[in-house]
Amino acid sequence: MTEPFSQRLLRWHAPHGRHDLPWQVNDPYRVWLSEIMLQQTQVITVIPYYARFLERFPDIASLANAPLDDVLALWSGLGYYTRARNLHAAAVQVRDRFAGVFPRSPDDIASLPGIGRSTAAAIAAFSYNTQAAILDGNVKRVLSRWASIEGNLASKAIENSMWALAESLLPAAADMPAYTQALMDLGATVCTPKKPACLACPLQDDCVAKREGRQLELPWPKPKKTLPERETVMLLLRGDDGRLLLEQRPPSGIWGGLWSLPEVATTLEAEAAMLARFGVRIETDAAWPPLVHIFTHFRLTITPLPARVTGVEALAEGGLRWFSPQQALAAGIPTPLRRLLLQVTDLA
DNA sequence: AAGCCGGGGAG
DNA sequence: CTCCCAGGCTT
């Protein structure tokens with residue numbers, strides 16, 4: 001009779017798991033913040049953002065009472081900016097709906113914006129020893145191999161069965177924090193996508209994929225599609241004092257809520273478009289060489305177009321604002337603009 | 001059920 | 001280059 005799934009994981013985790021990550025503390029705010037930052041983002045990337053964020057917003061109250069722009073500025077470069085918007089909105093809800101105390105039940109936690117079933121379970125398990133299962137990319141890979149689950153992991157049927165399996169494997173409440181961490185660590189360090197270290201795995205004895213030698217065939221790969229190509233022209237509108245004119249983007253969509261350069265479809269229509277949209281007269285110079293930015297779902301070619309503003313009376317309208325290069329770098333801006341600004345400041 | 005939403009690490 | 005990461009929300 002082999003030891004239960006959870007006990008083998010716990011026994012493996014004690015010597016081989018990750019025990020010194022900065023958010024491994026008994027504080028729901030820090031756990032929550034880390035879980036949001038870690039959504040679709042690797043640990044090594046998150047660590048410096050997490051430290052800066054916590055220094056500026058040490059508790060939920062300071063986050064709830066801060067302007068959204070300050071939150072976005074600290075999120076700048078991390079991507080998926082809806083996470084920052086939801087994080088701020090959720091802090092406000094904790095303040096107003098839960099009297100400033102982070103909620104305890106998974107359902108209450110998942111009622112906050114940006115927190116779904118898996119993230120709510122992780123927060124509750126780490127903070128309150130709650131017996132709730134997580135189901136993230138790591139767990140899906142581990143379970144799909146261990147139980148030899150075929151099919152597209154994104155499909156509803158597969159997902160439902162994996163939730164049920166994950167719930168059935170939970171240990172006693174006191175073991176939930178270590179168990180939840182162990183599952184993540186196993187997926188990140190042993191049951192990896194490319195070269196799983198099955199001989200180091202505590203689940204190798206009853207892993208169906210291992211037994212059948214099909215570790216590399218599971219989980220099924222996501223159907224891939226070719227990246228669409230898009231193009232845009234970003235206006236480098238500089239004032240006599242060297243400042244740049246930025247436009248705040250709409251709340252939803254790419255780079256939602258961030259400050260970026262005004263965009264037009266083509267270099268030829270730049271002057272007419274700026275006049276029509278903002279009542280601003282500009283004169284353009286020669287375009288700079290384009291730079292390419294890769295998203296998950298498309299490839300964006302950006303042509304920087306330097307220009308001068310010749311009529312400034314309408315600038316209060318339309319979400320436009322002057323930024324010095326240093327101010328812009330400290331604001332919530334998308335990564336390609338950060339790269340572009342570093343070129344500009346080098347030239348200045 | 002499928003699409004949208006960033007950026008970067010790793011191989 | 002490709003794959004995918006401590007997913008959730010919208011349609």
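Order of the sequence lines sets the chain letters (A, B, ...), proteins ahead of strands, with each chain counted from 1. In what follows, every heavy atom counts, from backbone to side chain, and hydrogens, waters and symmetry copies are set aside.
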First of A/Ala154 and A/Gly79 reached from the 5' end of DNA chain B, by closest nucleotide:
A/Ala154

Nearest to the A/Tyr81 side chain among C/dC5, C/dA6, B/dG6, which nucleotide is it?
B/dG6

Any side-chain N or O of A/Thr335 less than 4.0 Å from the OP1 or OP2 oxygen of B/dG7?
yes

Report the nucleotide, chosen from C/dG7, C/dC5, B/dG8, that has the shortest atom-to-atom distance to any side-chain atom of A/Gln39.
C/dG7

A/Gln215 side, atom CD; A/Cys201 side, atom SG - distance, nearest 0.5 Å:
10.0 Å

C/dC9 versus B/dG8 - spacing of their C1' atoms, nearest Å:
23 Å

From CH2 of A/Trp75 over to C1' of B/dC5, roughly how many Å is that when rounded to an integer?
13 Å

A/Arg83 has its side chain closest, among C/dC4, B/dG6, C/dA6, to B/dG6

Should the heavy atoms of other residues, nucleotides or ligands under 6.0 Å from CD of A/Glu55 be counted, would the total exceed 12?
no

Sugar-phosphate only, base, or nothing, as touched by A/Thr119 at under 4.0 Å among non-hydrogen atoms
sugar-phosphate

If you only use heavy atoms from C-beta on, which nucleotide in B/dG8, C/dA6, B/dG9 is closest to the side chain of A/Arg339?
B/dG8

Is there a side-chain hydrogen bond (donor to acceptor under 3.5 Å, both in side chains) between A/Trp220 and A/Glu150 once you walk through the steps?
CA-CA 7 Å; A/Trp220 282 18; A/Glu150 318 245 357; 3.1 Å; yes

From the candidates B/dA1, B/dG6, B/dG9, the one with an atom nearest any side-chain atom of A/Thr45 is B/dG9

Kindly state whether the ring of A/Phe53 and the ring of A/Tyr50 have centres lying under 6.0 angstrom apart.
no

Closest to side chain of A/Ile254, choosing from B/dC5, C/dA6, B/dG8
B/dC5

Distance test, side-chain N/O of A/His293 to OP1/OP2 of B/dG7, below 4.0 Å
yes

